[in-house]
Amino acid sequence: MKHILSLGILASTVLAFASPVLAQTVFVSTQLRPIEEATVVREELLKDVGSVDYVVEEPPQFAVRMEAERQAGKRTVSLVGALHGELSPLADKDTLEPLDDLAKKLAASGMPQSLLDLGKLGKSTQQYIPWMQATYVMAAKKEALQYLPAGADVNALNYDQLIEWGKNMQDATGQPQIGFPAGPKGLMARYFQGYFYPSFTGGVVRTFQSAEAAAGWAKLKALWAYVTPNSTSYDFMQEPLAAGEVMVAWDHIARLKNAISAAPDDYVVFPAPAGPKGRGYMPVVAGLAIPKGAPDKAGAEKVIEHLSMPETQLLTASKVGFFPTLNIKLPPDLDAGVALLAGAVTATQASKDAVISLLPVGLGDKGGEFNKVYMDSFQRIVLQNEPIADVLKAQGATMAKLMTDTKAACWAPDAKSDGPCPVQ
């Protein structure tokens, strides 16, 4: 991370972040940030676990806060909840407490070793405890199924079929019926990184300006003819789905949950489409970690144990749509909408042509700039109709510099690299 902070700025930053109630366990999270979700955390998930101050941070601000406290040598935060890739730079700086004892207890409780191994972040000790997991899926109103192309399986769509489906719906209704969360706080960048690029190129960074990428962008332009222009204002797809503005949408499961849970009989939920290289998908693992020097390590451990209990994990799934990291069966009386989402997640993971794309790793506080490369490419190619090759060349140079500056090695599905991930 390349923040250069003077001692004065550092001191004021840490003081600004300090909690006024020092007796509380300060829990800073990049996850479950929307006010409805944060309220569930405070009032239900953390109920009866002691005095916890749950604070939400956007990922870039989280990175700045943790680095400021590290440099100042004064911690106000006792527990952090963040994505795998957001915790990785903290582990690289050796700023996280080893959690091996907790990991052993959770392994005995049914947490898969493969997930726990992810939480080591390449080190010999446990850096974080897997907290919850999710992914992104597509959802459609059942009335949209009548417009599916002949012979198409909604659980095994490809992009050509999605385009034809979009055309059929638009011809029948007079309006584009497909929506994406391409608004200011939407997760459209994850669509490009976890779904679009892996499906068309088999990579994310190495293949950014490849011929396969150019062909994929041409296909996306064809699809966008049947995507509502309002997509550039959508942050969560559950609202336009519930309001009847679109019949088909792609988004994070937690950002589809409210619409589907409110009327589960009205929807089908299914994997994103496949491209020439397979069906790209991005598993999302969030973890809990304790910074070294935490003022309330014992309280933080108590919160981790509480959030890792089977009943709390099931409550998390029911209330906010993130699934357990414990290997436990979802109960038969689970919210019907969450059950639909769970079925789509299982179908995605079980797809024979699945291509797993991990969340970015090693970018530190540059994750926002990485996302911007994809979103700027989208704006220029799809919305502004600039020549694909010219845009990929320019944005590829920006991507290459970002990889060089951060020294970020390649992550799946790109082949491993010895140094910074190359843009080829």
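Just so we're clear, the structure is a prediction, and the values are computed from it rather than from any experiment.
- The pair Asp390-Arg380 does not meet the salt-bridge criterion, since no charged nitrogen lies less than 4.0 angstrom from a carboxylate oxygen.
- Of the possible donor and acceptor atoms, one in the side chain of Ser417 sits under 3.5 Å from a partner among the backbone N and O of Cys410.
- Residues satisfying the salt bridge (Lys or Arg N to Asp or Glu O under 4.0 Å) test with Glu44, not counting sequence neighbours, are Lys319.
- The two atoms that bring Gly81 and Leu288 nearest to each other are CA-CD2, 4.1 Å, heavy atoms only.
- For the atom pair Gln113 CD and Asp117 CG, the distance stands at 4.5 Å (nearest 0.5 Å).
- Using modelled atom types, no side-chain atom of Asp353 and backbone atom of Gly278 make a donor-acceptor pair closer than 3.5 Å.
- Using cut-offs of 30° and 60° for the angle between ring planes, the Phe192 and Tyr374 rings count as parallel.
- Of the possible polar contacts, none joining the Asp53 side chain to the Val26 backbone as a donor-acceptor pair under 3.5 Å is found.
- Using a distance-only test at 3.5 Å, with no hydrogens or angles considered, a donor-acceptor pair links the side chain of Thr312 to the main chain of His306.
- By the 4.5 Å heavy-atom criterion applied to side chains, Ser308 and Ile129 are counted as neighbours.
- For the residue pair Lys416 and Arg206, the shortest heavy atom distance occurs at O-NH2, 2.9 Å.
- Ring centroids of His252 and Phe236 are separated by 6.0 Å or more, keeping the two rings apart.
- Using a 4.0 Å cut-off between charged nitrogen and carboxylate oxygen, Asp171 and Lys167 count as a salt-bridge pair.
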Taking only distance into account, with no hydrogens and no angle test, what donor-acceptor pairs under 3.5 Å do side-chain atoms of residues 256-265 form with protein atoms, sequence neighbours excluded?
unit_1 : atom_1 : unit_2 : atom_2 : d
Lys257 : NZ     : Ser318 : O      : 3.3
Ser261 : OG     : Lys257 : O      : 3.2
Ser261 : OG     : Asp335 : OD1    : 2.8
Ser261 : OG     : Asp335 : OD2    : 3.4

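- Here the CG-NZ distance, from Leu314 to Lys329, works out to 13.0 Å after rounding to the nearest 0.5 Å.
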| said: Evaluate Gln126 against Lys104 for side chain to side chain contact (heavy atoms under 4.5 Å, CB included), listing each step before the verdict. | reply: CA-CA 10 Å; Gln126 194 75 33; Lys104 287 175 185 175; over 6 Å; no
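- Taking 4.5 Å as the limit, some side-chain heavy atom of Thr232 sits within range of a side-chain heavy atom of Leu383.
- Nearest heavy atom pair, residue Leu99 against residue Gln127, reads CD1-O, 4.0 Å.
- Ser199 contributes no side-chain N or O that, together with a main-chain N or O of Ala274, makes up a donor-acceptor pair within less than 3.5 Å.
- Remark: Asp405 engages Lys401 in a salt bridge, criterion side-chain N to carboxylate O under 4.0 Å.
- In this structure, Val56 and Val28 have side chains that are not in contact, with every pair of non-hydrogen atoms separated by 4.5 Å or more.
- The salt bridge (charged side-chain N to carboxylate O under 4.0 Å, His left out) analysis of residues 211-232, with sequence neighbours excluded, yields the pairs Asp160-Lys219.
- The aromatic ring centroids of Tyr54 and Phe27 lie less than 6.0 Å from each other.
- Looking at every heavy atom in both residues, Lys292 comes nearest to Leu96 through CE-O, 3.3 Å.
- For an aromatic pair to be called close, the ring centres must be under 6.0 Å apart, and Tyr197 with Phe208 satisfies this.
- Under the 6.0 Å cut-off for aromatic ring centres, Tyr136 and Tyr191 do not qualify, their centroids lying 6.0 Å or more apart.
- Ring centroid separation for the pair Phe370 and Trp411 comes in under the 6.0 Å cut-off.
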| request: May I have the step-by-step check of side chain to side chain donor-acceptor pair (under 3.5 Å) for Thr76 and Glu69, ending in yes or no? | output: CA-CA 8 Å; Thr76 65; Glu69 292 199 2; 2.5 Å; yes
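- For Phe378 and Trp217, the ring centers sit 6.0 Å or farther from each other.
- If you take CD on Gln424 and CG on Asp414, they are separated by 8.0 Å, rounding to the nearest 0.5 Å.
- Scanning all heavy atoms of the two residues, the minimum distance from Leu83 to Thr30 falls at N-OG1, 3.9 Å.
- Between Gln177 atom CD and Met169 atom CE the span is 6.5 Å, to the nearest 0.5 Å.
- Note on Glu369 versus Lys366: salt bridge recorded, some NZ/NE/NH1/NH2 to OD/OE distance being below 4.0 Å.
- A donor-acceptor pair is defined here as one N or O able to donate and one able to accept, closer than 3.5 Å; such a pair exists between the side chain of Arg279 and the backbone of Leu157.
- Counting heavy atoms from C-beta on, the side chains of Leu307 and Met132 never come closer than 4.5 Å.
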| said: Between Asn371 and Gln193, is the side chain to side chain donor-acceptor pair (under 3.5 Å) condition met? List the steps. | reply: CA-CA 8 Å; Asn371 293 344; Gln193 298 156 10; 2.8 Å; yes
| task | Decide yes or no on salt bridge (charged side-chain N to carboxylate O under 4.0 Å, His left out) for Glu305 and Lys105, but give the supporting numbers first. | result | CA-CA 9 Å; Glu305 290 194 72; Lys105 290 169 71 172; 2.8 Å; yes
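- Not a single donor-acceptor pair under 3.5 Å links the side chain of Asn327 to the backbone N or O of Pro112.
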| message | Apply side chain to side chain contact (heavy atoms under 4.5 Å, CB included) to residues Asp153 and Leu148 and explain how you reach the verdict. | response | CA-CA 8 Å; Asp153 177 357; Leu148 270 173; over 6 Å; no
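- Contact between Ala134 and Ile253 at its shortest, heavy atoms only, is CB-CD1, 3.7 Å.
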| task | Begin from the C-alpha positions of Ile178 and Trp250 and carry the test side chain to side chain contact (heavy atoms under 4.5 Å, CB included) through to its verdict. | result | CA-CA 9 Å; Ile178 298 174; Trp250 174 96; over 6 Å; no
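- Taken to the nearest 0.5 Å, the CD atom of Gln175 stands 8.0 Å off from the OG1 atom of Thr228.
- Residues Phe200 and Pro276 meet the side-chain proximity criterion, which asks for heavy atoms closer than 4.5 Å.
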| field | Verdict with reasoning, Asp251 to Met188, per side chain to side chain contact (heavy atoms under 4.5 Å, CB included) | value | CA-CA 8 Å; Asp251 208 345; Met188 190 72 180; over 6 Å; no
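- Between Phe180 and Trp224, the distance from one ring center to the other falls under 6.0 angstrom.
- Looking at Thr135, its side chain does come within 3.5 Å of a backbone N or O of Met282 through a donor-acceptor pair.
- A 4.5 Å side-chain heavy-atom check between Tyr226 and Leu162 finds every atom pair outside the cut-off.
- Between Phe323 and Leu330, the closest side-chain pair of non-hydrogen atoms falls below 4.5 Å.
- Not one N or O on the side chain of Tyr234 forms a donor-acceptor pair closer than 3.5 Å with the backbone of Pro240.
- Residues Thr325 and Gln313 have side chains in contact (heavy-atom distance under 4.5 Å, counting atoms from C-beta outward).
- Separating the CE atom in Met399 from the CG atom in Asp376 is a distance of 11.0 Å, to the nearest 0.5 Å.
- Ser351 contributes a side-chain N or O that, together with a main-chain N or O of Ala347, makes up a donor-acceptor pair within less than 3.5 Å.
- A salt bridge does not link Lys142 to Asp266: none of the charged nitrogens lies less than 4.0 Å from a carboxylate oxygen.
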